[in-house]
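Have a look at the structure below before the remarks.
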Amino acid sequence: MTTPPSAHHPTGADPTPELPADPTPEPSAEHRAPEPARTARAHSFNAAAAQYAANRPSYPPALFDAIEDLTGRPLTGTRVADVGAGTGIATALLHARGANVVAVEPGVGMAAQFRRSLPGVPVIRGTGDDLPLADASVDLVTYAQAWHWTEPARAVPEALRVLRPGGALALWWNTDALDVPWIAEAAARTERHFDIDVSAEKRNVSARAADPTGRLDFTRRTVRWSRRVPLDTHLANIGSHSAFLVHGAEHTAAFLAAERRHLLETFPDGFVEEVYEVVLLLAETPA
């Protein structure tokens, strides 16, 4: 479903749309993917929106400095569509930098949490594969931890459609700094317990993966940063990831209990130093 563009908002978005009562969002392209596991993971965040908002890491100021440097203009006054906005972690930071932001989010649960956190910022229901925005209506389209839920063959043309000449598409991900010994050890435990490849996340953040058609010329920047959080926050952050949410509660709880014991050996004071590398891919459109 595409929300009709409105003449009352500079991006063509209705600033006060009504979300349907059904807690399950209408399937977007990523939700229609043939793999049942992918579909379940895409839907899993809605039930954990509050946990996600409270415990997920934010993004460092240097990331937004890099966006300004690559685009050659300040975020202040820039019209931005933050797609796959979730609970608004990135949206809030863009708004704080002075950007005129509209959020696009497919999940009802996530959008409801967004409204509680950012009541003054418009959020509309939609996906990157079918953006509910007017043509040439924004200067910047951003995806924070969200591009991997799109189908690039559809999302790239949609981004180009809504961007003004000289606009930019910015994609970024917080990835674990696997060169830190305790993080590498924790990743190995996760891989064994859940049969997932943690390191693949960073390997898959590439221009070729982001746009297999090669239509966009991405520049890559990496920003390293860290945060020190209570162990409970760290574990809740881990548990808010889709790979954990789709497993049974008992299975996940057993892993998190064991992880608590492991981490207390490294951080006996109960505070964890999480280290991330934000990988940014940015491509500008012709002026």
Side-chain angles (χ1 to χ4, degrees), residues 1-6 8-33 38-59 79-96 99-134 137-138 140-151 154-155 158-159 162 170-174 236-237 239-242 245-246:
M1 179 179 69
T2 301
T3 304
S6 164
H8 302 297
H9 190 276
T11 60
D14 180 355
T16 56
E18 291 296 324
L19 290 174
D22 183 356
T24 303
E26 182 176 335
S28 63
E30 64 268 25
H31 298 142
R32 293 195 302 269
R38 178 180 169 84
T39 302
R41 288 177 66 171
H43 284 284
S44 66
F45 298 111
N46 288 297
Q51 178 182 350
Y52 190 111
N55 301 289
R56 281 293 185 102
S58 186
Y59 304 100
R79 292 179 177 177
V80 181
D82 187 30
V83 188
T87 62
I89 294 172
T91 312
L93 296 172
L94 289 161
H95 180 69
N100 180 6
V101 192
V102 60
V104 179
E105 167 56 39
V108 172
M110 297 291 267
Q113 182 65 45
F114 182 105
R115 283 197 175 86
R116 286 190 286 272
S117 302
L118 296 169
V121 178
V123 56
I124 54 176
R125 191 178 179 202
T127 74
D129 297 333
D130 188 14
L131 288 170
L133 302 171
S137 58
V138 296
L140 179 66
V141 174
T142 60
Y143 282 81
Q145 310 284 138
W147 184 255
H148 52 281
W149 296 116
T150 71
E151 291 183 7
R154 297 177 62 184
E158 277 294 274
V162 303
L171 324 173
W172 66 83
W173 293 261
N174 266 326
N237 169 30
S240 74
H241 285 75
S242 61
L245 293 171
V246 297

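In this text the structure is predicted, and so the values were computed from the model without any measurement. As a basis for the values below, the full set of heavy atoms in this structure was taken, side chains included, without hydrogen atoms, waters or symmetry mates.
Using a 4.5 Å cut-off on side-chain heavy atoms (C-beta onward), Val83 and Trp147 make no contact. Residues Leu118 and Val123 have side chains not in contact (no heavy-atom distance under 4.5 Å, counting atoms from C-beta outward). Within the 4.5 Å cutoff, the side chain of Val121 has heavy atoms near those of the Phe114 side chain.
In this structure, the separation between OH on Tyr143 and CH2 on Trp173 is 10.5 Å, given to the nearest 0.5 Å.
Shortest non-hydrogen contact noted between Arg125 and Pro132 is O-CG, 3.7 Å. In plain terms, the two heavy atoms of Ala146 and Gly84 that are nearest each other are CB-O, 3.8 Å. Scanning all heavy atoms of the two residues, the minimum distance from Asn237 to Arg56 falls at OD1-CD, 3.2 Å. Smallest separation of non-hydrogen atoms from Leu133 and Ala81: CD1-CB, 3.6 Å.
Judged as a side-chain contact (heavy atoms from CB on, under 4.5 Å), and not counting sequence neighbours, the contacts of Leu93 are Ser58, Tyr59, Phe64. Every side-chain contact (heavy atoms from CB on, under 4.5 Å) that Ala159 has, sequence neighbours left out, goes to Leu169.
The closest donor-acceptor contact from the side chain of Glu105 to the backbone of Ala111 lies at 3.5 Å or more, if one exists at all. Proximity of a side-chain donor or acceptor of Asp129 to a complementary backbone N or O of Glu151 within less than 3.5 Å is detected. A donor-acceptor pair under 3.5 Å links the side-chain atoms of Gln145 to the main chain of Asn174, judged by distance alone.
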side-chain contact (heavy atoms from CB on, under 4.5 Å) between Thr87 and Ile89, worked out = CA-CA 6 Å; Thr87 62; Ile89 294 172; 3.8 Å; yes
